[in-house]
Amino acid sequence: MNPDEAAKLLGACAAFDNRQPSQIAMRAWATSLKDVPLDEDCFEAVARYYGTPPKEAGQRLWIQPHDVRSHRDIIRKERLENFVYEGDPNETGEQYLANYRRTMKAVASGRVAGPIDVPALEGSFHPNVLQRLQDEFGFDSLGQPMPGDDKEVAAVRRPGPLSIECPVPACGAPIGRPCKSALRSRASKVIHPARRRAAAGEPVTRETPEEIEQRRRAALASLERIIANQEAAREEARGE
């Protein structure tokens with residue numbers, strides 16, 4: 001950018017901030033932007049700068065050469081967001097680099113329209129992934145529930161105990177979810193024996209509330225013993 005071109009750019013700035021461009025300002029801007037050509041992107045950078053609200057209310061906007069440079073770079077990078085150079089199978093390495101750089105520069109400048117849509121991946125799932133989708137989750141190759149009597153159940157059904165609701169009255173965990181337990185940690189997945197038997201087609205003996213309470217108390221007593229043993233071990237270690 002030379003001083004005459006900088007004067008035109010300063011004139012665009014003056015339309016927004018009422019500055020009075022001088023010969024010194026023209027030379028200073030030309031020096032700061034000597035590697036930036038005066039193009040439409042420069043004027044667009046000025047318009048974008050003054051079209052953006054200031055960080056603080058009432059703050060006066062006053063554009064500087066570095067603002068023009070940074071906003072112009074952003075505008076050009078936006079055009080290259082989905083840029084893909086497909087190339088020519090017959091071109092050499094040097095030809096590829098030259099054509100790649102020339103095409104990228106043309107798209108960045110706006111002379112050549114860039115791609116609008118993001119390139120999509122082609123093909124289907126890997127056979128192993130596809131088989132797992134079908135076996136464990138009931139999805140077909142398109143990610144849709146496989147045909148069945150109940151599509152909502154088919155969408156979450158998987159082989160094993162999680163394919164049915166838990167028959168334990170105090171639990172009743174839905175399909176696809178682990179059983180509920182007061183002693184279950186987030187990292188573990190508890191499956192009640194009755195649910196395993198039901199999933200395997202074996203007879204399920206439902207526990208009475210008294211049996212559930214008895215089992216719960218036994219589990220809590222076992223947990224208390226574990227905690228007591230740990231405390232005793234710590235006390236013994238401190239004594240040593």
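A quick note: this is a predicted structure, and the numbers were derived from the prediction, not measured. Along the sequence shown, the residues carry numbers beginning at 1.
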Considering all heavy atoms, the nearest [X]-[Y] contact:
{"X": "Glu91", "Y": "Asn99", "result": "OE1-ND2, 2.7 Å"}
{"X": "Ser32", "Y": "Pro65", "result": "CB-CB, 3.7 Å"}
{"X": "Ala6", "Y": "Ala30", "result": "CB-N, 3.9 Å"}
{"X": "Ile191", "Y": "Cys179", "result": "CA-SG, 3.8 Å"}
{"X": "Pro161", "Y": "Arg195", "result": "O-NE, 3.0 Å"}
{"X": "Ile75", "Y": "Ala45", "result": "CD1-N, 3.8 Å"}

Does the side chain of [Y] come within less than 4.5 Å of [X]'s, by heavy atoms?
{"X": "Tyr49", "Y": "Ser70", "result": "no"}
{"X": "Phe16", "Y": "Leu61", "result": "no"}
{"X": "Ser109", "Y": "Asp39", "result": "no"}
{"X": "Asp17", "Y": "Tyr50", "result": "yes"}
{"X": "Val46", "Y": "Ile63", "result": "yes"}
{"X": "Pro37", "Y": "Arg72", "result": "yes"}
{"X": "Arg69", "Y": "Asp35", "result": "yes"}
{"X": "Ile175", "Y": "Leu162", "result": "no"}

Flag yes if more than 12 heavy atoms outside [X] fall under 6.0 Å of its [atom1] atom; otherwise flag no.
{"X": "Glu94", "atom1": "CD", "result": "no"}
{"X": "Gln20", "atom1": "CD", "result": "no"}
{"X": "Arg19", "atom1": "CZ", "result": "yes"}
{"X": "Gln214", "atom1": "CD", "result": "no"}
{"X": "Glu202", "atom1": "CD", "result": "yes"}
{"X": "Gln95", "atom1": "CD", "result": "yes"}

Self-check item: Trace of the side-chain contact (heavy atoms from CB on, under 4.5 Å) decision for Met1 with Glu5
Solution: CA-CA 6 Å; Met1 186 178 302; Glu5 293 172 334; 3.7 Å; yes
Quiz item: Are Trp62 and Leu33 connected in a single hydrophobic cluster, I mean Ile/Leu/Val/Met/Phe/Trp/Tyr linked by side-chain heavy atoms less than 4.5 Å apart?
Solution: no
Self-check item: Cationic N near anionic O, under 4.0 Å, Asp41 to Arg48
Solution: no
Practice problem: Decide side-chain contact (heavy atoms from CB on, under 4.5 Å) for Val107 and Leu80; before the verdict, give the C-alpha distance in whole Å, the side-chain angles of both, and the deciding distance to 0.1 Å. | Solution: CA-CA 7 Å; Val107 173; Leu80 294 172; 3.8 Å; yes
Roughly how far, to the nearest 0.5 Å, is the [atom2] atom of [Y] from the [atom1] atom of [X]?
{"X": "Met26", "Y": "Asn2", "atom1": "CE", "atom2": "CG", "value": "11.5 Å"}
{"X": "Thr103", "Y": "Arg111", "atom1": "OG1", "atom2": "CZ", "value": "10.0 Å"}
{"X": "Met104", "Y": "Arg76", "atom1": "CE", "atom2": "CZ", "value": "10.0 Å"}
{"X": "Arg79", "Y": "Ile74", "atom1": "CZ", "atom2": "CD1", "value": "12.5 Å"}

Quiz item: Step by step, would you call Arg217 with Glu213 a salt bridge (charged side-chain N to carboxylate O under 4.0 Å, His left out)?
Solution: CA-CA 6 Å; Arg217 290 179 179 178; Glu213 179 63 20; 3.1 Å; yes
Self-check item: Any donor-acceptor pair under 3.5 Å from Asn229 side chain to Ala232 backbone
Solution: no
Self-check item: Residues Trp29, Cys13; criterion side-chain contact (heavy atoms from CB on, under 4.5 Å); working and verdict
Solution: CA-CA 12 Å; Trp29 274 60; Cys13 299; 4.0 Å; yes
Quiz item: Relative to each other, are the rings of Tyr100 and Phe83 parallel, tilted or perpendicular (30° and 60° limits)?
Solution: tilted
